[in-house]
Amino acid sequence: MVNKPDYSALYAREKKVLHIINRIESRGLRWDILKAQQLTRLLNTKIKSCHKKMSALAGEHNPNSPKQVLAILINLGLSRKQLTEKGSLTTGSAILRRAVSELPEKHRAKSCIESLLEYRSYSKTVGTYLIPLTKQALSRDGIIRCEINPVDTITGRMASRQPNLQNIPKSTKNERANPVRSCFICREGYINYYFDYSQMEMAIFGMYADEPRILSAYQNGEDLHTYTASQVYRLPEKKVSDGMRSNCKAVNFGIIYGEGQRALATNLGWNLIQTRSFLDDYYHTFPSIGRFQWQCKEELNEKGYVEDWFGKRYHVPVGQAYKAVNCLVQGTCASIFKQALIKVDSAHHLMYSDCILLPVHDEIQIEHSHNCTIPEEQWCAAIIDKMVQVDEVTSRGLTLRVDVAKSTTNWAEKEKIEL
DNA sequence: ATTTCCTCGC
DNA sequence: TTGCGAGGAAATT
């Protein structure tokens with residue numbers, strides 16, 4: 001009486017993924033121990049000076065303790081309201097940055113908060129990344145090997161642990177090359193290539209919502225956050241400002257994540273009225289999106305689960321129906337990615353003896369022999385072709401976009417290449 | 001030993 | 001009612 005799903009194809013796929021993961025875990029990534037140790041020393045001095053600055057302004061304390069930080073900030077004159085989010089006091093970076101921007105020019109809390117944020121950033125870099133990674137590399141000949149778990153996540157994404165190599169900090173605008181990334185160096189004789197699906201979740205979301213304008217914009221190579229902004233604000237794309245784009249980006253992701261109005265408002269830095277009015281414009285501009293959200297909920301109410309293109313079911317509690325959209329979108333992307341990983345692996349492994357270094361949700365990193373006689377463009381095109389040729393995608397008329405970057409030195413120095 | 005807070009990624 | 005993860009330090013049990 002219960003219609004059981006046929007998971008045999010998905011099961012076969014996971015078995016193939018396991019073999020690939022085995023090779024990835026054995027290979028590992030090369031880590032520049034000396035450079036990491038130098039950077040650790042450098043950042044440690046910066047951490048100390050931040051701490052000193054804070055102590056001078058606010059007295060002795062442990063900056064790692066949210067409790068003590070809270071006491072200090074209130075002591076320096078910040079109101080409880082400024083530090084309150086969702087009813088409770090917090091010292092998260094988002095709320096602190098907002099507080100700083102609202103503070104008078106030379107308020108004494110200002111430089112204290114700035115030092116604190118700097119302190120946290122450097123501490124994160126050293127304590128979470130540089131020291132643990134160096135420790136591991138020291139015991140394993142300069143190679144870092146993570147463990148990848150492909151099955152224990154809700155949506156089917158893969159998780160990396162000990163260490164997690166999927167949350168290595170990326171370079172920011174102020175920082176040309178991130179110190180952690182710069183310590184992941186290319187092996188002797190290899191060039192590293194980075195193939196990542198461009199705006200994959202938005203494209204898949206557009207497919208599920210069956211929104212032809214978003215899909216054609218995607219196939220035209222346009223940036224979808226800019227495109228949606230141009231529609232909502234009724235402007236040519238060239239006239240869309242950074243602010244308009246980032247507003248729509250927040251809404252686009254918010255809808256995929258199932259964000260409520262309150263959370264979205266916090267994200268945008270707006271009040272509820274402004275947020276609602278903007279959402280009204282958005283949904284009015286793209287009626288298909290509201291319809292898709294509604295259909296998702298309907299399917300969940302009828303069947304107790306939603307089912308994706310691969311026949312995979314997501315059993316979401318009815319009280320958490322807002323999660324259904326994300327399960328479909330993120331889960332579908334995860335399946336596409338795994339299928340692509342299999343195709344890429346079989347192709348390159350058989351043909352060129354290169355090695356997949358690391359999968360990062362929508363990106364495949366590959367180590368490519370420097371001596372390969374095949375022209376670079378041709379080799380890249382072959383990889384891209386494997387990533388694009390996933391039946392569940394092509395049969396629906398979607399051609400996913402793939403960006404490529406490369407590096408001959410380290411992860412921080414990767415540069416986009418045009419093909 | 002477990003939970004809370006904060007921060008990193010996609 | 002902000003999706004899916006991991007990890008570190010402090011606080012709590």
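Letters go in sequence order (proteins before strands), and every chain restarts at 1.
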Given atom [atom1] of [X] and atom [atom2] of [N], what is their separation to the nearest angstrom?
{"X": "A/I148", "N": "B/dC10", "atom1": "CD1", "atom2": "C1'", "result": "14 Å"}
{"X": "A/I168", "N": "B/dT7", "atom1": "CD1", "atom2": "P", "result": "18 Å"}
{"X": "A/N164", "N": "B/dC8", "atom1": "CG", "atom2": "P", "result": "14 Å"}
{"X": "A/N62", "N": "B/dC6", "atom1": "CG", "atom2": "P", "result": "14 Å"}
{"X": "A/K338", "N": "B/dC10", "atom1": "NZ", "atom2": "C1'", "result": "15 Å"}
{"X": "A/N167", "N": "B/dC10", "atom1": "CG", "atom2": "C1'", "result": "10 Å"}
{"X": "A/Q68", "N": "B/dC6", "atom1": "CD", "atom2": "P", "result": "14 Å"}
{"X": "A/M200", "N": "B/dC10", "atom1": "CE", "atom2": "P", "result": "14 Å"}

Give one of base, sugar-phosphate or nothing for [X], where a contact means two heavy atoms less than 4.0 Å apart.
{"X": "A/R262", "value": "nothing"}
{"X": "A/I256", "value": "nothing"}
{"X": "A/E201", "value": "nothing"}
{"X": "A/S123", "value": "nothing"}
{"X": "A/G319", "value": "base"}
{"X": "A/R157", "value": "base"}
{"X": "A/T125", "value": "nothing"}

> For A/E85 and A/S160, take the nucleotide of DNA chain C holding the closest heavy atom to each; which residue's nucleotide lies nearer the 5' end?
Replying inline: A/E85
>> What is the first contacted nucleotide of DNA chain C and what is the last, in 5' to 3' order, if contact means an atom lying under 4.0 angstrom from a heavy atom of chain A?
In response: C/dT1 to C/dT12
> To the side chain of A/T90, which of B/dC8, B/dC6, B/dC10 is closest?
Replying inline: B/dC6
> Using the P atom in both, what is the distance from B/dT4 to C/dT1, to the nearest Å?
Replying inline: 15 Å
Taking [X] for the side chain and [Y] for the main chain, is one N or O donor matched with an acceptor at less than 3.5 Å?
{"X": "A/R181", "Y": "A/P169", "result": "yes"}
{"X": "A/S335", "Y": "A/T332", "result": "no"}
{"X": "A/D345", "Y": "A/L341", "result": "no"}
{"X": "A/N410", "Y": "A/A412", "result": "yes"}

>> I need the A/Y322 OH to A/Y257 OH distance, nearest 0.5 Å.
In response: 14.0 Å
> In Å and rounded to the nearest 0.5 Å, what is the CZ to CD1 distance from A/R23 to A/I20?
Replying inline: 6.5 Å
>> Determine whether the aromatic ring centres of residues A/Y282 and A/F286 are separated by less than 6.0 angstrom.
In response: yes
> Is any NZ, NE, NH1 or NH2 atom of the basic residue among A/E118 and A/K53 found under 4.0 Å from an Asp or Glu carboxylate oxygen of the other?
Replying inline: no
